[in-house]
Amino acid sequence: MRITGWSGGLAAATLVLAGCGGGPGGGGGAISDGGVVLAVLNDQSGIYADTSGRSTVEAVKMAVDDYRAKYGDKAVAKQVEVVAADHQNKPEIANSKAQELYDREHADVILDVPTSSAALAVATVAKNKKKVFIDVGAASTELEGKACNKYTFHYGYNSYMLAHGTGTEVTKDGAKNWYIVYPDYAFGQDMNKTFSTAIQGGPAAPWCSRTRRRSPTTTSPRSCSRPLGSTRSRRCSARCTPAVT
């Protein structure tokens, strides 16, 4: 099951407000400037705009309205502001926008951030700024791996879950030849790796993959992945490079 950006953003916003002190009896610390700023950073103009984009921004605003209606004057802060920015599925833009949201908009937390390469960039900024980042749109396991830090929280799903929830079970049912279609950026590369591991039992398994180089702002490239030695393996091995090394 994939949690779409708008529903994940709503849940994350609720968690943030609860963590800041919730309502009556909340255990959070004091709000230094008297307000909370929730920043939504996502794709508002590209391929993920429909599953994230402005819908997630509106969902976070709805969560804030529900929070205010429930707690009224007892809310953790009198002012809860929602700001947003478009990272265009580009890590360099995600990097600059995250810094801008933390520094200029005084964001207390950045939410959503689909596209794994963008999420990894924001995780680094969050670590350096010592600010909270809750990702609900990316799937790379690097957010729990090399990019893991105490300011970054990964909510929802990742490629390990997708691979072991699908690849392992389908293989048990008898599937032998696999064709993986994935985008050639952080998420797709991680997905290819985790699926290979889940299906064949180890990252050194002899797999073959061919990828068309495209950015996440375009349609997904095609890639073939199949065990060497299977039908047409000679053709594949001649045209492809190992998917996992």
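These numbers come from a predicted model, not from an experiment.
At least one side-chain heavy atom of His87 sits less than 4.5 Å from a side-chain heavy atom of Pro114. Two residues are said to be in side-chain contact when any heavy atoms from C-beta on lie closer than 4.5 Å; Gln44 and Val57 meet this criterion. Counting heavy atoms from C-beta on, the side chains of Thr152 and Asp135 never come closer than 4.5 Å. Tyr157 has its side chain within reach of Leu162: a pair of non-hydrogen atoms, C-beta onward, lies under 4.5 Å apart. In this structure, Asn158 and Leu143 have side chains that are not in contact, with every pair of non-hydrogen atoms separated by 4.5 Å or more. With contacts defined as side-chain heavy-atom distances shorter than 4.5 Å, the pair Asp103/Lys129 qualifies. Side-chain atoms of Gln79 and Val36, non-hydrogen and from C-beta on, never get closer than 4.5 Å to each other.
Between the side chain of Asp108 and the backbone N or O of Val37 there is at least one donor-acceptor pair closer than 3.5 Å.
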Check against side chain to side chain donor-acceptor pair (under 3.5 Å), Asp43 and Gln88:
CA-CA 5 Å; Asp43 173 19; Gln88 302 175 40; over 6 Å; no
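Remark: Asp173 CG is packed, more than 12 non-hydrogen atoms of other residues, nucleotides or ligands lying under 6.0 Å away.
Remark: Glu100 engages no residue in a salt bridge (charged side-chain N to carboxylate O under 4.0 Å, His left out) (not counting sequence neighbours). Among residues two or more places apart in sequence or in another chain, the side chain to side chain donor-acceptor pair (under 3.5 Å) test is passed with Ser96 by none.
Under the 4.5 Å side-chain heavy-atom criterion for grouping Ile, Leu, Val, Met, Phe, Trp and Tyr, Val122 is not connected to Ile93 through any hydrophobic cluster.
Through direct or indirect side-chain contacts shorter than 4.5 Å among Ile, Leu, Val, Met, Phe, Trp and Tyr, Tyr151 is connected to no other residue.
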